[in-house]
Structure formats: C-alpha cells, structure tokens
Amino acid sequence: MMVPYTEQDAHFMALALAAAREAQGSGEVPVGAVVVYDKQVIATGFNQPIGQHDPSAHAEMNALRAAAQALGNYRLPECELYVTLEPCLMCAGAIIHARIARVVFGAYDPKTGVGGSVLDVFANTQLNHQTKISGGVLAAECAQLLIGFFADRRCALRAARRLKQ
C-alpha cells in the first residue's frame, strides 16, 4: 500500500538507503536507519548482525543506540526513526521503550514486519507508549535493494555449488 509522504520523509529515507548500501558493502542484508531530532539527523545505523556476531545488531537497534548516546538519554520522545524495511518485533520493542515519536519505513516485510504486515504492534493501545508509523516511503527503491541483494546471494551460492561438483 502506498502512502502519501512529504519531501522531508523522502529526504531522510534517502539517507537511510545510503546507510543500507553501507550494510550491503559489508556483506550484510541492506537495511539502513537514521534517527532525526529537530529535523536533523543525529544518528545512523545499518544491519551488522553478521559482522558483530550479534543477532540484535539490526539497523534500527544500531541507530537507536547511537541516538541515545548523542542525546545522553535512553528516551528519545521527540525523535523520528527512518528505516528502509518495516521493523521486526525485536526492533519494535526497542522503538517503543525508547519512546520514539514516529517511525517511517520503506519496504513492507510480509514475513516479519510488525508495522502492519504480520502484526501491528504500534497500534496496540494496551502498551504504555504509542508510536506513529508510516510505511511505503520510497518503497520501490528500498525493496529493490533487498531483492537485488538476495538475488545476487542466490547466484553466488549456485556458482559455489557448481564449483564443488
């Protein structure tokens, strides 16, 4: 589903895409994130679970950690998080605990996304904090980066199998 978005949303999502390309350059799944406070980027992050040997090193988690350090506070109530892929359950929990005001994501994730695809954690009014969420910003660009990455990975695996034979 496409949603209307602002020029500012597109600008910050483009920066998240640049971070996703950093992840890709490191051999990681290309997901990037930026945290914005007062219309300024205060932190970026990209996927690093392989390189850091850390299952929690998702783009959102890395960006939230950097933002908390930048502001000197684990609460980020006036911040927005831009991420190229719909957050998973782990990241959604951290986003809610950090009190992020708004999440803007690019590509929908029909397998693990909890911003409306599999679940909508952010719509749960029983939680003590509600985070606004917008999806589909530069969705085609975000999705294409992931599709290309996994297609290349499958090609490399097939080539490696052929060499072993």
Side-chain angles (χ1 to χ4, degrees), residues 3-109 112-139 141-143 145-146:
V3 296
Y5 54 87
T6 67
E7 224 173 276
Q8 181 175 295
D9 288 341
H11 168 72
F12 290 125
M13 188 59 70
L15 297 176
L17 273 163
R21 289 184 190 96
E22 282 189 64
Q24 185 175 28
S26 301
E28 302 275 358
V29 175
V31 178
V34 297
V35 177
V36 175
Y37 174 72
D38 198 24
K39 299 182 182 179
Q40 300 292 317
V41 173
I42 61 164
T44 62
F46 57 86
N47 265 7
Q48 295 181 295
I50 297 166
Q52 290 186 6
H53 308 289
D54 179 356
S56 72
H58 287 193
E60 301 95 312
M61 302 294 277
N62 290 332
L64 289 174
R65 288 179 185 122
Q69 292 298 310
L71 294 180
N73 194 342
Y74 72 107
R75 299 277 195 230
L76 307 168
E78 296 173 28
C79 294
E80 295 179 314
L81 174 69
Y82 290 80
V83 60
T84 58
L85 182 65
E86 182 179 0
C88 70
L89 188 57
M90 173 186 68
C91 293
I95 289 163
I96 291 166
H97 282 290
R99 308 292 197 267
I100 292 287
R102 179 176 176 238
V103 172
V104 180
F105 68 86
Y108 286 84
D109 185 347
T112 64
V114 298
S117 289
V118 175
L119 298 171
D120 192 350
V121 171
F122 300 102
N124 188 331
T125 57
Q126 291 177 299
L127 297 172
N128 64 335
H129 175 73
Q130 267 60 66
T131 298
K132 293 177 185 159
I133 188 154
S134 301
V137 176
L138 302 185
E141 295 93 325
C142 294
L145 189 61
L146 289 158

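Here, residue 1 is the first one in the sequence, and each next residue gets the next number.
Proximity of Leu64 to Ile100: side-chain heavy atoms (C-beta onward) are separated by under 4.5 Å at one or more points. Ser134 places none of its side-chain heavy atoms less than 4.5 Å from the side chain of Asp9. Residues Val137 and Thr6 form no side-chain contact, since every pair of their non-hydrogen atoms from C-beta on lies 4.5 Å or further apart.
Within the structure, side-chain hydrogen bond (donor to acceptor under 3.5 Å, both in side chains) contacts touching residues 64-74 (residues at least two apart or in different chains) are Ser56-Arg65, Asn62-Arg65. For the side-chain hydrogen bond (donor to acceptor under 3.5 Å, both in side chains) condition, no pair includes a residue of residues 14-37, sequence neighbours left out. A side-chain hydrogen bond (donor to acceptor under 3.5 Å, both in side chains) check over residues 85-97, counting only residues at least two apart or in different chains, returns the pairs Glu86-Ser117. Applying the side-chain hydrogen bond (donor to acceptor under 3.5 Å, both in side chains) definition to pairs two or more places apart or across chains, those involving residues 118-132 are His129-Thr131.
Judged as a side-chain contact (heavy atoms from CB on, under 4.5 Å), and not counting sequence neighbours, Ala101 has no contacts. With sequence neighbours excluded, the residues that form a side-chain contact (heavy atoms from CB on, under 4.5 Å) with Ala33 are Ala59, Ala63, Leu81, Val83. Applying the ring-ring contact (aromatic ring centres under 6.0 Å, His included) criterion to Tyr82, with sequence neighbours excluded, gives Phe12. With sequence neighbours excluded, the residues satisfying side chain to side chain donor-acceptor pair (under 3.5 Å) with Gln52 are Gln48. Partners of Glu80 according to the salt bridge (Lys or Arg N to Asp or Glu O under 4.0 Å) rule, which considers only residues two or more places apart in sequence or in another chain, are Arg102. Under the rule for a side-chain contact (heavy atoms from CB on, under 4.5 Å), the partners of Ala43 that lie at least two apart in sequence or sit in another chain are Val35, Ala66, Ala67. Looking at residues two or more places apart in sequence or on another chain, you find a side-chain contact (heavy atoms from CB on, under 4.5 Å) between Ile133 and Val103, Phe105, Phe122.
Test Thr44, Ile42, Thr84, Leu17 against Val34 for side chain to side chain contact (heavy atoms under 4.5 Å, CB included) and you get one pass: Thr44.
Scanning all heavy atoms of the two residues, the minimum distance from Leu71 to Cys79 falls at CD1-SG, 3.8 Å. Here the closest heavy-atom approach between residue Ala19 and residue Gly32 is recorded as CB-CA, 3.9 Å. Here the closest heavy-atom approach between residue Thr112 and residue Val118 is recorded as N-CG2, 3.9 Å.
One finds the SG atom of Cys88 at 8.0 Å from the CD1 atom of Ile95 (value rounded to the nearest 0.5 Å). Rounded to the nearest 0.5 angstrom, Leu146 CG and Glu141 CD are separated by 12.5 Å.
Counting only distance, with no hydrogens or angles, the side chain of Asn47 and the backbone of Ala23 share no donor-acceptor pair below 3.5 Å.
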Step-by-step side chain to side chain contact (heavy atoms under 4.5 Å, CB included) determination, Val31 to His58: CA-CA 8 Å; Val31 178; His58 287 193; over 6 Å; no
